[in-house]
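Notes to accompany the following structure.
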Amino acid sequence: MQGKAVSEGIAIGTLSIYHKSVRNPEISTYLGSVAEINRLAVARTSAKREIESLRLKASMENNETNVSLLGSYLVMLDDPAFIDAVERRISNQMMTAEQAVESARDRIYELFGTMGDEYMKDRAEDIRDISDRVLRNLGGSVSVVPTLNEEVILLADDLTPSDTMQLDTSKVLAFVTRRGSNLSHTAIIARSMNIPAIVGLEYPKDCEGMTAIVDAYNGELIIDPDPDTLSRYRARKAEIEERNRALSELKSLPCVTLDGHRVGLLANVGSVNDIKKAMESGCEGIGLFRSEILYLDREDYPTEEEQYEVYSAAVKAAEGKDIVIRTIDIGADKQLPYMQMKHEDNPALGMRAVRYCLGHKDVFKTQLRAIYRAAAHGHISVLIPMIISIEEIWQVRSVINEVISSLQKDGIEYGDCSLGAMIETPAAAVISDLISKEVDFLSIGTNDLTQYTLAVDRQNAELEFICDYHHEAVLRFLNMIIKNGHENGCKICICGELAADTSITGELIRMGVDELSVTPASLLRVKQAIRGIRISNEPSRY
Ligand code: PEP
Ligand code: MG
């Protein structure tokens, strides 16, 4: 079966399907029956649109079974009995749309499930599936993650970053999901954990417990392979392990092109453990610490003390090298129930990252206090995500000044941090000359820069074929940002996934990028590419 490989590797093992059960997190407040019924209608329309596009794909692949199954889902979503059951709960029992969908779903599931008829039991599963899809579209759904007792190849409809974080990933040999794309956070997290992953693959419902091969080079899932295929893949896996051993010899060699251009090679991390892994691969520092990962998989915000412990441990693990901590980039596909985020029709264009922090200064200050305190023990820089204006930087500086004054007043030890802006919106790219006068360094987030420049949702597998991060517009932006940054004395790092794309490394160095920050698993592969490139002072063609 074919999907899209998003994190390289080969895994051989038993398949386990991750049945996500959605629990109502009671985050939304009742907005009145008209508003709740409207919310339900919008979520149902989005769910139908998703199913329609899956059905179109299935019909293009001549997959009659899926076409008919998805067709029946569409009918169920329009079923007056289902809609009536939900709307009655909203109007008569003053339930929110989420509570009403969940309550109707459970009732129907119970009715169908107890009929003792296999066909009706299957329909009960279908009701659960479509209801969960509507719940996801209402936003704020929380999945209950199963415990893994043995090593498995995990199959899932989709995995949110918090699902991934809650799993015991030491038991996950590979991920295979139906949804997601190369730039989705699930893919990024799989790469950062060095776990093979394939997305956009319609695996069958009835493969639980079967043996399979995941070829996350070619995006293939081979269920119940014959002995020849199995031994071919075992040999290939051993070969790859051998090649990785050879790469490890590059650890202590400098990161320099054949004609002497030096490039800083840094790591993107989400935990202290990742930092240790990156240091083992001989990286020169941490270019991106995705601090929001500390906020996932919890019931409440991490306290200043908890964060201080983590950032101090990070400084220690970095062995004297610089660490760039990105302040929380929450929102969009990283929703946290305890943050009580309001429903947004367009979360990727909504309350995320610096917007959230400036709107919730108490949360922002707690994080900054912890970072500045940890900076007393080593070199930390603070990086602000999703900047669109210089006013935002002024506001951030003013919050930092307040934090420093409060630390001084409390007589608490702290260290200085340089301040950087992430350039990941077209607005920031266009005014990168102005932004670079306000900060000490720039870090280019090509994942979001591509998404916002091309107006293509990075999460949408259906649009992946046009989510082209080698698009001329993106590359012209990169060249412009690097030029603007250098004219104003800023160092430029690229920390999006493009930094690990060795098919473009030569061009990035020609543009003059100072540093590339990549997942720990990609460090040596990128170093090998850089050491094999000749730039010969040609200017960039962008
Ligand atoms: C980016 O947008 O390129 C980036 C590095 O940030 P994230 O992927 O966490 O949004
Ligand atoms: Mg980003």
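Worth saying up front: this structure is predicted, and the values here are computed from it rather than measured. Order of appearance sets the numbers: ligands from 1, and atoms from 1 within every ligand.
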For this session: Determine whether the side chain, the backbone, both or neither of M422 has a heavy atom under 4.0 Å from any heavy atom of ligand 1.
Result: side chain
Exercise. With a 4.0 Å heavy-atom cut-off (strictly under), which part of Q451 contacts ligand 1: side chain, backbone, both or neither?
Worked result: neither
Seminar exercise, completed: With heavy atoms and a 4.0 Å threshold, my read on which part of R458 contacts ligand 1 is side chain
Problem set entry | Numbering as shown, the atoms of ligand 1 that approach D329 to under 4.0 Å (heavy-atom distance) | 10 (O)
Problem set entry | Cationic N near anionic O, under 4.0 Å, R510 to E507 | yes
Exercise. If you look at every heavy atom in D440 and R397, which pair is closest and at what distance?
Worked result: OD2-NH2, 4.4 Å
Exercise. Taking the minimum heavy-atom distance to atom 10 (O) of ligand 1, which of D448, I444, N447 ranks first?
Worked result: D448
Exercise. Is R290 close to ligand 1, meaning an N/O of one under 3.5 Å from an N/O of the other?
Worked result: yes
Problem set entry | Interfacing atoms of ligand 1 (cut-off 4.0 Å, heavy-atom, G496) | 3 (O), 5 (C)
For this session: Could you label the plane-to-plane angle of the Y414 and Y372 rings as parallel, tilted or perpendicular, counting under 30° as parallel and over 60° as perpendicular?
Result: tilted
For this session: Please work out which of the three classes, parallel, tilted or perpendicular, describes the rings of H377 and Y308, given edges at 30° and 60°.
Result: tilted
Exercise. Just wondering, do I371 and V403 contact through their side chains at under 4.5 Å, heavy atoms?
Worked result: no
Exercise. Within the side chain of T425, is there an N or O that forms a donor-acceptor pair under 3.5 Å with the backbone of A428?
Worked result: yes
Exercise. Is it the side chain, the backbone, both or neither of N268 that has a heavy atom closer than 4.0 Å to ligand 1?
Worked result: neither
For this session: Please assess D157 against R136 for the test salt bridge (Lys or Arg N to Asp or Glu O under 4.0 Å), listing each intermediate value before the final yes or no.
Result: CA-CA 12 Å; D157 201 25; R136 268 201 301 279; 3.5 Å; yes
Exercise. Should R373 and L407 count as side-chain neighbours, where that means a heavy-atom distance under 4.5 Å?
Worked result: yes
Problem set entry | Those atoms of ligand 1 less than 4.0 Å from some heavy atom in E424 | 1 (C), 2 (O), 6 (O)
Seminar exercise, completed: Atoms of ligand 1 under 4.0 Å from any heavy atom of G445, numbered from 1 in the order shown, are 1 (C), 2 (O), 3 (O)
For this session: Give the atom name of whichever N/O/S atom in E424 sits closest to the Mg ion (ligand 2).
Result: OE1
Exercise. Taking 2.8 Å as the cut-off, does an N/O/S atom of D448 lie below it from the Mg ion (ligand 2)?
Worked result: yes
